[in-house]
Amino acid sequence: MRKSHRTASTELLGKGLVTRRAFLKAIGSTALLPILPRRLSACTNFRRRRLSDATWPSQSAWKRLDDAVGGNLIPVNFPLSLLKTDPAGAAAKRLSENLRNPYYIGDQPGLTQTLGWIDAWATKPSIYAVAARNAHDIAEAVNFARENDLRLVVRGGGHSYQGTSNAPDSLLIWTRHMNDIAMHTAFVPQGCERTLRSQPAVTLGAGAIWMQAYDAVTTKGGKYVQGGGCTTVGVAGLIQSGGFGSFSKHYGLAAGGLLEAEVVTADGKIRVANAFTNPDLFWALKGGGGGSYGVVSKVTLRIHDLPEFFGVANFTIKAASDDAYRRLIRKFVSFYREHLFNDHWGEQAHVNPDNSFVISMLAHGLDTDQVKEVWQPFLDWVAHSPDAYSLQGRVVLGSVPSRNWWDVQWWKAHWPELPFPNPNGSRLVAAFDDVLDYLVKQPIFVIDDRPGAGPNDAWWKGDGGQVGWFIYGYESVWLPAAVLENDAQQRLADALFASSRHSGVELHFNKGLAGAPPDALAGANDTAMNPAVLTAFALAIAGNAQGPAYPGIPGYEPSVAAGRKAAKCVDRCMSELRGLVPYPGSYVSESNYFENGWQHSYWGSNYPRLAEIKRKYDPDGLFFVHNGVGSEQWSADGFTKL
Ligand SMILES: Cc1cc2nc3c(=O)[nH]c(=O)nc-3n(C[C@H](O)[C@H](O)[C@H](O)COP(=O)(O)OP(=O)(O)OC[C@H]3O[C@@H](n4cnc5c(N)ncnc54)[C@H](O)[C@@H]3O)c2cc1C
């Protein structure tokens, strides 16, 4: 049975993994005094204002805010209303198509990438948004919200599964247009001139999305920055989650590469946070969860050299019986431990209820021959039992030049025509397809084809299914590397098989850092993320959703009955895996809305320190997000102080 947060963290304290006294001593207890005087909202029964309240700010007050932000205060509309009011019109038709386009959704202050979650939330537009241009605009919005007791919301890429970047009756700070990017050959964080060496870095506006970062740093700059796998996720949101990309097994967490942030805190001050200046805030921003400590206006991240190649392993094996499937999973577990458990290999293996096993993995720094060599023994083993296993589709093993990885024009130049027919039929295991032959001839990026879109505005086809999602159920758990030990492998394989009877489960190897180089582990260790990430070989994820969907819109209604049923299956699936782990931890950004003991799940022994830093920088709880640090003190909607 899972332990409550209170029990688990008390045990951690008891074990000496964290002590409040040690922490206070280490940083000096006066540093924890709140930076703001206590205000009304410190009292119980405090309630933020809603549009329907007589005390809602007057038009002249809003006008003053609009003037202060250079005319960038905008009323927020809800684009989906059109599907109700004029469902047959041309605009509604265009909207339906665009609901599959993450760039379109990102451009709407009234929409979010995930549209909701059964029995949890459905996206709601704010009343007004400040389309911020810089930290000063943000500071004006923060001051206005604080002084007028408003519910404040911050949105970057809008990808929160938990609905933490939308709220009705709120003021939105929308960073979409703050996407300036500057490369540095020798960056030193402010105030660290005497203590830190300069290093190559990139400064990104908080509203930039990862595709913009990769375009500047890799395609144009020939370097690497650790960001997210999904190209349309926001930079600031991902960093504050901790953040994983496909090659995190080599480079570590995105937050581990943070050198400096500019952030507007609840008192409206524009602060610099780095290892020397406001180090406690700096640490909390590295994985303490988005929207809880202030509004980040820009971040500076370490950049790295590129390897020559990024590689791909893609294939699906179908087992003829449950028994054969069990043996396949068991074989993969030992094969993973022996050949793939290192900093070369990230991304996913899927264990499915229909006894199919999908490999969708990416490699750092291996050429095509090396990739094939790694997988040959496993494929030989599969080929040895043709009655038990068949390959579905093609086996894709190989590498492409790393600099072209996010180079949309390079990929496009190789696509002869669109849509390229999908290859059919099984191939002999031994007949590998050259990866260039396969990958470049089918569109693996989907391109934003709206008029005025940038030439590199594109998203991985594999992420497209999640655009406009309404979630049924979604859960994750870090799997410790200890379960890869010889005597535990059978238990892991059995649990994977058992979990797959309820729902498909994905193992994301790049989201557990066991096996990463010391440098990557040291960076991650100096973040607020649950330390479980350091010793996990993978994050297991199960999820189910429908999309695009939204309640109350004919033709788009999410199925509540199907959703509740699916959520139960997801939960049973993950329970089988949680049973392997004494204190299960979950990734804050990819986890259950209804997570039990979320403080421990997301942050483990780091939670008490995070809570102290929250009290220091935001004592009145201006920044509230669902299951965020300090949110226990608020009603579920973030309007009423408990
Ligand atoms: C399709 C999809 C793919 C994903 N892929 C990955 C992946 O590959 N790796 C991974 O690690 N995660 C992934 N995630 C999870 C994602 O990283 C997190 O949800 C992340 O927080 C999203 O950031 P955002 O800016 O896009 O979203 P938003 O919803 O805008 O923001 C997320 C949270 O951060 C806050 N926030 C945003 N900007 C700021 C700011 N400037 N200052 C302060 N707070 C801010 C918001 O208030 C909100 O609470 C994925 C999610 C989706 C939907």
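One-based numbering, in listed order, for ligands and for the atoms of each.
- The pair Lys298-Glu260 does not count as a salt bridge, with every side-chain nitrogen at least 4.0 angstrom from each carboxylate oxygen.
- At a cut-off of 3.5 Å, with distance as the only test, a side-chain donor of Glu347 or Ser246 sits close to an acceptor on the other residue.
- Under 4.0 angstrom from ligand 1, there are no non-hydrogen atoms of Gln113.
- Nearest protein heavy-atom contact of atom 3 (C) of ligand 1 is Cys230 CB, 3.4 Å.
- Residue Val625 touches ligand 1 through its side chain alone, judged by heavy-atom distances below 4.0 Å.
- Checking Gln240, Arg176, Met178 against atom 45 (C) of ligand 1, the nearest heavy atom belongs to Gln240.
- Within the cation-pi definition used here (under 6.0 Å to the ring centroid, within 45° of the axis), Arg609 does not qualify as a partner of Trp603.
- Nearest-residue assignment for atom 7 (C) of ligand 1 (options Tyr161, Trp459, Phe244, Phe624; heavy-atom criterion): Phe244.
- Ligand 1 does not have Trp469 within reach: every non-hydrogen atom of the residue lies 4.0 Å or more from it.
- With hydrogens and angles left out, the side-chain atoms of Ser297 and Glu262 include a donor and acceptor closer than 3.5 Å.
- Every atom of ligand 1 is numbered from 1 in the order shown, and the set under 4.0 Å from a heavy atom of Ser160 is 19 (O), 27 (O), 29 (O).
- Only the side chain of Gln466 comes within 4.0 Å of ligand 1, counting heavy atoms alone; its backbone N, CA, C and O stay farther away.
- Judged by the 6.0 Å distance and 45° axis criteria, Arg50 is positioned over the aromatic ring of Phe639.
- Atoms of ligand 1 lying under 4.0 Å from at least one heavy atom of Gly291, given by number and element, are 35 (C), 43 (C), 44 (N), 45 (C), 47 (O).
- Against a heavy-atom cut-off of under 4.0 Å, Gly229 is close to the following atoms of ligand 1: 7 (C), 8 (O).
- Of all the heavy atoms of Ala206, the ones lying under 4.0 Å from any atom of ligand 1 belong exclusively to the side chain.
- What sits closest to atom 11 (O) of ligand 1 on the protein, heavy atoms only, is Tyr587 OH, 2.6 Å.
- With salt bridges taken as basic N to acidic carboxylate O contacts below 4.0 Å, one links Asp519 and Arg302.
- Gln108 and Pro79 make their closest contact through OE1-CG, 4.1 Å (heavy atoms, listed as atom of the first residue, atom of the second, distance).
- Taking each of Ser292, Gly158, Gly462 in turn, the one with a heavy atom nearest to atom 30 (O) of ligand 1 proves to be Gly158.
- Between Asp107 and Arg450 there is a salt bridge, since at least one side-chain N of the basic residue sits less than 4.0 Å from a carboxylate O of the acidic one.
- Within the 4.0 Å heavy-atom shell around ligand 1 one finds Gly294.
- Between the side chains of Asn101 and Asp448, at least one donor-acceptor pair of N or O atoms lies under 3.5 Å.
- Here the protein heavy atom with the shortest distance to atom 22 (C) of ligand 1 is His159 CB, 3.8 Å.
- Side-chain contact of Ser591 with Tyr161: a donor-acceptor pair under 3.5 Å is absent, judged by distance alone.
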